[in-house]
Amino acid sequence: MNSRSRQAVRLVQQGVWDMPLESMPLAAGYVKAMALADPVVRDRADIDICNFRGRVGHAQMADTLFAAGCPDVLACSVFGWNFRAFGSLAETFRQLNPDGLVVFGGTHVSDQAERVFRLFPDVDVVVNGEGELTFQELLRARLDGASPGELGGIAGISWKTRAGSVVTNPPRPRIEDLDIIPSPFLTNAIELTDAAGAFRYDVALLETNRGCPYKCSFCYWGGAVGQRVRAFSRARLREELELLAKLQVHTIVACDANFGMLPIDVEFVDDLVDIKDRYGFPRAFETSWAKNKSKVFYDIVHRMKAAGLRSSFTLALQSLHPAAIETMNRRNMKVNDWHDLARWLGAEGLDCYAELIWGAPGETVESFLRGYDELSRWVSRIAVYPMMLLPNTEYAEQKDRYGIVSVRGDHDDFEYVLAHQSMSFEDNVQVQRFLFWARVLAENAVLRHVWTALRDLAGVTQSAVLNGFDDWLRQTDDPAAAPLRAAAGRAHGGGAPAYAVAIGYLFTQPEGNQVLERWWSERVRPALGSDVDPLLAEIFRYDLLTKPICPTGPDGHADALAGGLLPVVTVGGERYYLRSGVAFSHDVPAVLADLRAGRRPSLEPKATVFDLYYRTGALNAVRSTNHEEITHFMGMQEAEVRA
Ligand code: B12
Ligand code: SF4
């Protein structure tokens, strides 16, 4: 390489989901903004971010990256879901540019150089930990003429000498003052708009802080676990929020590990509320909420509620079983005292979901399903994740201690747990099937209200309903059920794509509703008493009718499920499909309010008619299988819309 030549640097990111909008390349944005803060890099390097949607194939990515000329540096932001794709692109890059530099950074490859270099010999450097300063130095070294085999002076990397041995330089201390990283939004490092000038991503991702004081055995939160929390300044975050609000960004997602833990988080929310009052946006704020719900948390929730700023509050429990909580290293976390919080969120009418992980050492089938049903008494939207061994976590590093057997995913590089001392292969197969429907039907909120109603009025647990659905689906001869059966068959090892197919089918295809209706009449109804049957049937119909509207027709207004056209109206500056005059034999909203408040509702019919409003643009949330987003598109009555 000529040390004076201009260098073309391509930073590559690929999101998880195949959805109409892109997923924001946040890490690449911070890394690029910091690199360009160096005057030499700015003068002598051109840095582009290439951001791909999920499921874009390797060949297509190679065309985009290399057809118009091969860059000098290929730098990839690696997660478990894009590891293989980027390994393959490194190989292609090397054919085109033998002297080029391939850099891998990101949470999946950090401190994993031995394996990365073994699997992908064309990768030159792995960046360990935070990437901003390291990448800046790396580019400087390259611009100064350093070859990939001479990088001994740069902290925080692993690299290969000319002789081929792997060297890991000392780690780089974490960045104390995060404000030294220029904002990727305010500096345009991340392109925010599309050709039409609209915000181009599904949601805006940002960080308000980095670090997490806990060290759960399954987690590696960008290397921030067990670390003191460092925050970006209020002034900078406010400026970023203001810019995003002007672009009418609906949802802001803070990638923090424990938002609502620090007193300054209240200030951030105050700014969010103030900016929403001024610009009408953002409308929702999602994050990983603090596990210890302190006064700060309750304060924040009150402020958000008063301002009509929506969020999904999380009970991030992961397990209710003491033996599993112990191995997870979460025994002393206050999150375990969750009943009061669940009661409070319910009473406040706030959207809430819970998280469980299946497959932690110490968990059994019985303890897991018992925990699931106990939790479902308080919250029906339970996100259930299969246990994966993530690089750099305690479980991954202590497989032998727990007797863990795992397999790599078909579509990603995650290690899925198959068995361990308290879970046999058979146990896992049984629960994987359950998990599939728990994720599709309950977590992603295809059905929302029938769970509580069936439990309180008919004594059927949520796990029994889900297992019953699976059982019915295996037996039915309904051709409309075939795609769902096929997707469930691929659940074990098929991972995310299989359940994304089922979710898409149930939300967007008329046949999806047909299957649910037939299941209800053949499997659920016969088990119900005649006293509760009519009311439960109406609650089920309400669930189907309030599912988001995902237009599939060519004119963009066709409601495939309603079989007709729905007009679009504007309320509070936002567009909604309007379904007028929906009639029920019972006052379903009042019954649901009673159930939520723990009161026994009246079973008597009471004719009720109301209009339902659905935010437009639901397809993206459905395709991304992001249940926090999907819930923002459910049918609502006018009062809820205006609130
Ligand atoms: C937003 C998010 C998502 C989004 C998508 C993100 C996207 N853009 O596509 C959604 C909601 C879709 C998602 C889904 C999932 N996620 Co997620 N998610 C996150 C989250 C909260 C933020 C990521 C982020 O942008 N962080 C901020 C950036 C700045 O931090 P960073 O990525 O660590 O980057 C720094 C360094 O790593 C490094 N770096 C990164 N890239 C590069 C590139 C170069 C060239 C260099 C030099 C340096 C560098 O420098 C950066 C700045 O210091 C992280 C947790 C976290 N806070 O990191 C989890 C996380 C990425 N998710 C994780 C997981 C496991 C999942 C799921 C599999 C969960 C599940 N069980 O279903 C699913 C994916 C489903 C699937 N089948 O694959 C894991 C990933 C672990 C891994 N090894 O890949 C994380 C780390 C959380 C954890 N538990 O540990 N996720
Ligand atoms: S799961 Fe949450 S609390 Fe536990 S280490 Fe990870 S980020 Fe921290």
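In what follows, residues are counted from 1 in the order of the sequence shown. Atoms within a ligand are numbered from 1 in the order they appear, just like the ligands themselves.
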Search all heavy atoms of [X] against all heavy atoms of [Y] and return the closest pair with its distance.
X      : Y      : answer
Gln7   : Val73  : OE1-CG2, 4.1 Å
Ala28  : Leu11  : O-CD1, 3.5 Å
Pro386 : Ile357 : C-CG2, 4.4 Å

Could you name the option among [options] that has the heavy atom nearest to [atom]?
atom                    : options                        : result
atom 82 (C) of ligand 1 : Phe86, Tyr385, Phe414          : Phe414
atom 13 (C) of ligand 1 : Trp81, Phe79, Phe135           : Trp81
atom 36 (C) of ligand 1 : Gly129, Gly105, Ser110, Cys255 : Gly129
atom 80 (C) of ligand 1 : Val12, Thr107, Leu11           : Thr107
atom 86 (C) of ligand 1 : Tyr201, Tyr220, Tyr30          : Tyr220
atom 3 (S) of ligand 2  : Phe218, Tyr214, Trp221, Tyr220 : Tyr214
atom 52 (C) of ligand 1 : Met387, Glu132, Gln136         : Glu132

- prompt: If you count the atoms of ligand 2 from 1 in the order shown, which ones are under 4.0 Å from a heavy atom of Arg330?
  reply: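 Close to Arg330: 1 (S), 4 (Fe).
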
Those atoms of ligand 2 less than 4.0 Å from some heavy atom in Cys219: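 By the 4.0 Å cutoff, the relevant atoms are 1 (S), 5 (S), 6 (Fe), 7 (S).
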
Taking 4.0 angstrom as the limit and counting only heavy atoms of [X], give me the atoms of ligand 1 inside it, by number and element.
X      : result
Gly80  : 82 (C), 84 (O)
Gly15  : 9 (O)
His108 : 82 (C), 83 (N), 84 (O)
Ala27  : 28 (C), 29 (C), 32 (O), 34 (O), 40 (C), 41 (N)
Met24  : 8 (N)

task: Evaluate the criterion salt bridge (Lys or Arg N to Asp or Glu O under 4.0 Å) for residue pair Arg115 and Asp413; output intermediate values, then yes/no.
output: CA-CA 12 Å; Arg115 176 167 184 262; Asp413 189 57; 2.8 Å; yes

Min side-chain heavy-atom separation Trp221-Gln227 under 4.5 Å: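 Not touching, per the 4.5 Å side-chain cut-off.
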
- prompt: Under 4.5 Å between any side-chain heavy atoms of Glu239 and Phe185, yes or no?
  reply: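 No; the side chains remain at least 4.5 Å from each other.
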
task: Consider only side-chain N and O atoms of Asn51 and Glu22, and report whether a donor and an acceptor are under 3.5 Å apart.
output: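 Note: Asn51 and Glu22 side chains meet the donor-acceptor criterion.
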
field: Thr287 versus Asp256, side-chain donor and acceptor atoms under 3.5 Å
entry: no

Tell me, please: is [X] in heavy-atom contact with ligand 1, that is, under 4.0 Å?
X      : value
Ala257 : no
Trp17  : yes
Arg210 : yes
Met388 : yes

- request: Decide whether a cation-pi geometry holds between Lys160 and Phe117; the criteria are a distance under 6.0 Å from NZ or CZ to the six-membered ring centre and an angle within 45° of the ring axis.
  value: yes

Is there a nitrogen or oxygen of [X] sitting under 3.5 Å from a nitrogen or oxygen of ligand 1?
X      : value
Ser77  : yes
Phe104 : no
Gln14  : no

message: Counting backbone and side-chain atoms alike, is an N, O or S atom of Cys216 positioned under 2.8 Å from atom 6 (Fe) of ligand 2?
response: no

query: What is the nearest protein non-hydrogen atom to atom 8 (Fe) of ligand 2, stated with its residue, atom name and distance?
result: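 Closest protein heavy atom to atom 8 (Fe) of ligand 2: Cys212 SG, 2.2 Å.
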
message: Which residue and atom name correspond to the protein heavy atom nearest atom 7 (S) of ligand 2, and how close is it?
response: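 Checked against all protein heavy atoms, atom 7 (S) of ligand 2 sits closest to Ala257 CB, 3.6 Å.
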
field: Pair Phe507 + Phe633: ring centers closer than 6.0 Å
entry: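 Between Phe633 and Phe507, which both carry aromatic rings, the centre distance is not below 6.0 Å.
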
field: Sidechain-backbone polar pair: Glu91 side chain, Phe120 backbone, donor-acceptor under 3.5 Å
entry: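 Pair absent, no side-chain N/O of Glu91 close to backbone of Phe120.
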
- prompt: Among Glu137, Glu130, Glu132, which one satisfies side chain to side chain donor-acceptor pair (under 3.5 Å) with Arg172?
  reply: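 Running side chain to side chain donor-acceptor pair (under 3.5 Å) over Glu137, Glu130, Glu132 with Arg172 returns exactly one hit, Glu137.
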
message: Can you tell whether the side chains of Arg230 and Glu207 come within less than 4.0 Å, N to carboxylate O?
response: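 Looking at Arg230 and Glu207, the cut-off is not met.
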
Gln318, portion touching ligand 2 at heavy-atom distance under 4.0 Å: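 The answer is neither.
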
message: Go through it in stages, so that I can follow the logic: the residues are Tyr220 and His108, the test is ring pair (Phe, Tyr, Trp, His ring centres under 6.0 Å), and I'd like the CA-CA distance, side-chain angles, deciding distance and then a yes or no.
response: CA-CA 9 Å; Tyr220 182 71; His108 198 71; 9.8 Å; no

query: What do the steps show when you test Asp18 against Arg55 for salt bridge (Lys or Arg N to Asp or Glu O under 4.0 Å), and what is the final call?
result: CA-CA 6 Å; Asp18 182 17; Arg55 314 280 162 261; 6.0 Å; no

